[in-house]
Amino acid sequence: NIGRAGSELLNRQLTDTIKIGISWGTTVNAFVSQFQPLRQLPRARVVQLVGGMYSQSMHMDGREMARALANKLHCQFSALQTPMFVHNPDLRELIMREPETQEHFRLYDELDMAFVGIGSSNYKDSVIYKANYIEEKEAREIYSLGLCDICGHQIDQNGVEPVESLKNRLIGISLEDLRRVPMVVGMCAGKDRTMSILSGVRGGYLKALVVDEIAAITLIEEEKLGE
């Protein structure tokens, strides 16, 4: 059970002043729902890693997951009060200049660990497509290039974000900041996440994995083929 495994991992890492980043996704939501802390941590903090979703599905909204995890730990949480994507890069620049946004982004430098969903290599399962941030044609183009998603960033099989990507419209943690977090736990289920997992590991963004048996077996088989 991914949710239980994630709970056990977090409980082993808990400290009085731990700062935990959290993104979004079905698997991350399952982890938050099943998490049972061993103790209360009023001095800890949960930090939202990417902006909120337009989607009505709460399992796709990091704001709700940050709130839920903080409530279980009886600690504070910091919400990123912006959308995950904007349609105009100039609007993103204006939002990034706001003092509240800048204050939130400074928290990323203080994170001790983070839990992030790992996007599917199937564009129809893409969070940014499901949330209507991009049209189907654009989604097809992105995934035809072999790009996959981590915290809203589209990365290739080597974990590199192409120059021509959606990052100039994304409001959330940068890949550089994500790489600096001491422990980033990637969470996912299913066989269509294999390339996404490998991309995240090769890019240095993922330090630990919590996956289901299908994803684990598929990952092992893929690595054997690459030997």
Side-chain angles (χ1 to χ4, degrees), residues 19-25 28 45-58 60-67 70 76-119 123 126-156 158-181 184 186 196 199-200 203-206:
K19 292 182 174 63
I20 306 164
I22 193 162
S23 64
W24 37 249
V28 178
R45 181 181 292 271
V46 179
V47 181
Q48 184 182 347
L49 294 179
V50 295
M53 292 285 189
Y54 291 134
S55 171
Q56 296 302 308
S57 299
M58 290 299 100
M60 291 170 64
D61 189 12
R63 185 180 300 116
E64 291 302 316
M65 279 182 272
R67 187 198 311 274
Q76 296 179 318
F77 79 97
S78 298
L80 181 54
Q81 303 287 3
T82 70
M84 179 181 177
F85 278 96
V86 292
H87 292 290
N88 189 329
D90 293 333
L91 177 57
R92 177 189 180 277
E93 291 302 315
L94 289 174
I95 293 174
M96 292 298 293
R97 293 176 191 167
E98 289 295 316
E100 294 84 357
T101 306
Q102 293 180 0
E103 181 179 355
H104 185 92
F105 270 63
R106 281 193 286 271
L107 292 173
Y108 296 151
D109 293 329
E110 303 174 10
L111 293 175
D112 297 296
M113 68 183 308
F115 290 85
V116 303
I118 301 173
Y123 82 91
S126 163
V127 171
I128 57 176
Y129 172 61
K130 284 183 174 181
N132 299 316
Y133 285 114
I134 57 176
E135 301 292 333
E136 183 173 0
K137 179 181 178 182
E138 189 174 9
R140 284 180 178 272
E141 291 174 352
I142 289 172
Y143 291 95
S144 69
L145 297 174
L147 302 181
C148 48
D149 180 289
I150 183 167
C151 289
H153 294 276
Q154 311 306 308
I155 58 176
D156 65 18
N158 296 313
V160 177
E161 187 172 31
V163 174
E164 296 297 327
S165 67
L166 302 174
K167 65 180 179 180
N168 63 345
R169 293 164 45 194
L170 171 66
I171 302 176
I173 189 169
S174 69
L175 289 177
E176 292 76 16
D177 284 343
L178 186 64
R179 191 184 285 118
R180 284 195 290 266
V181 177
V184 178
S196 302
S199 297
Y205 313 119
L206 303 178

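Along the sequence shown, the residues carry numbers beginning at 1.
Formation of a donor-acceptor pair under 3.5 Å by the Thr101 side chain with backbone atoms of Ile95 is found in this model. With hydrogens and angles ignored, the 3.5 Å screen pairs no side-chain donor or acceptor of His153 with any backbone N or O of Gly172. For the pair Ser196 (side chain) and Gly119 (backbone), a donor-acceptor distance under 3.5 Å is present. Between the side chain of Gln48 and the main chain of Gly62, no donor-acceptor pair closer than 3.5 Å is present. The backbone N or O of Gly152 lies less than 3.5 Å from a partner atom in the side chain of Gln154, making a donor-acceptor pair. At distances below 3.5 Å, at least one donor-acceptor pair connects side-chain atoms of Arg179 with backbone N or O atoms of Gly203.
Contact detail for Leu49 and Val116: the closest heavy-atom pair is CD1-CG1, 3.7 Å. In terms of heavy-atom proximity, Ile171 sits nearest to Pro83 at CB-O, 3.6 Å. In terms of heavy-atom proximity, Asn158 sits nearest to Asp156 at N-OD1, 2.9 Å. The shortest heavy-atom contact between Ile20 and Leu111 is C-CD2, 3.9 Å. Smallest separation of non-hydrogen atoms from Leu107 and Ser78: CD1-OG, 3.3 Å. The two residues Phe77 and Ala66 have their closest heavy-atom pair at CB-O, 3.9 Å.
Counting only heavy atoms from C-beta outward, the side chains of Arg45 and Gln76 approach each other to under 4.5 Å. Lys167 is listed as a side-chain neighbour of Glu161, based on a closest heavy-atom distance under 4.5 Å. Under the 4.5 Å side-chain criterion, counting only non-hydrogen atoms from C-beta, His104 is in contact with Val47. Using a 4.5 Å heavy-atom cutoff, the side chains of Val184 and Tyr205 are not in contact. Between Leu166 and Glu138 there is a side-chain heavy-atom pair separated by less than 4.5 Å.
With salt bridges taken as basic N to acidic carboxylate O contacts below 4.0 Å, one links Arg140 and Glu136. Taking 4.0 Å as the cut-off between side-chain N and carboxylate O, Glu103 and Arg106 do not count as a salt-bridged pair.
Taken from CG in Leu170 to CZ in Arg92, the straight-line distance is 6.5 Å, to the nearest 0.5 Å. Atom-to-atom distance recorded for Met84:CE and Arg169:CZ is 11.0 Å, nearest 0.5 angstrom. Here CD1 of Ile118 is found 5.0 Å from CG of Leu206. Values are rounded to the nearest 0.5 Å. Ile173 CD1 to Tyr108 OH: the interatomic distance, rounded to the nearest 0.5 Å, is 6.0 Å.
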TODO: Please step through side chain to side chain contact (heavy atoms under 4.5 Å, CB included) for the pair Phe105 and Met96, ending with a clear verdict.
DONE: CA-CA 9 Å; Phe105 270 63; Met96 292 298 293; 3.6 Å; yes

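Annotation: Gln102, atom CD; neighbour count of heavy atoms from other residues, nucleotides and ligands within 6.0 Å is above 12.
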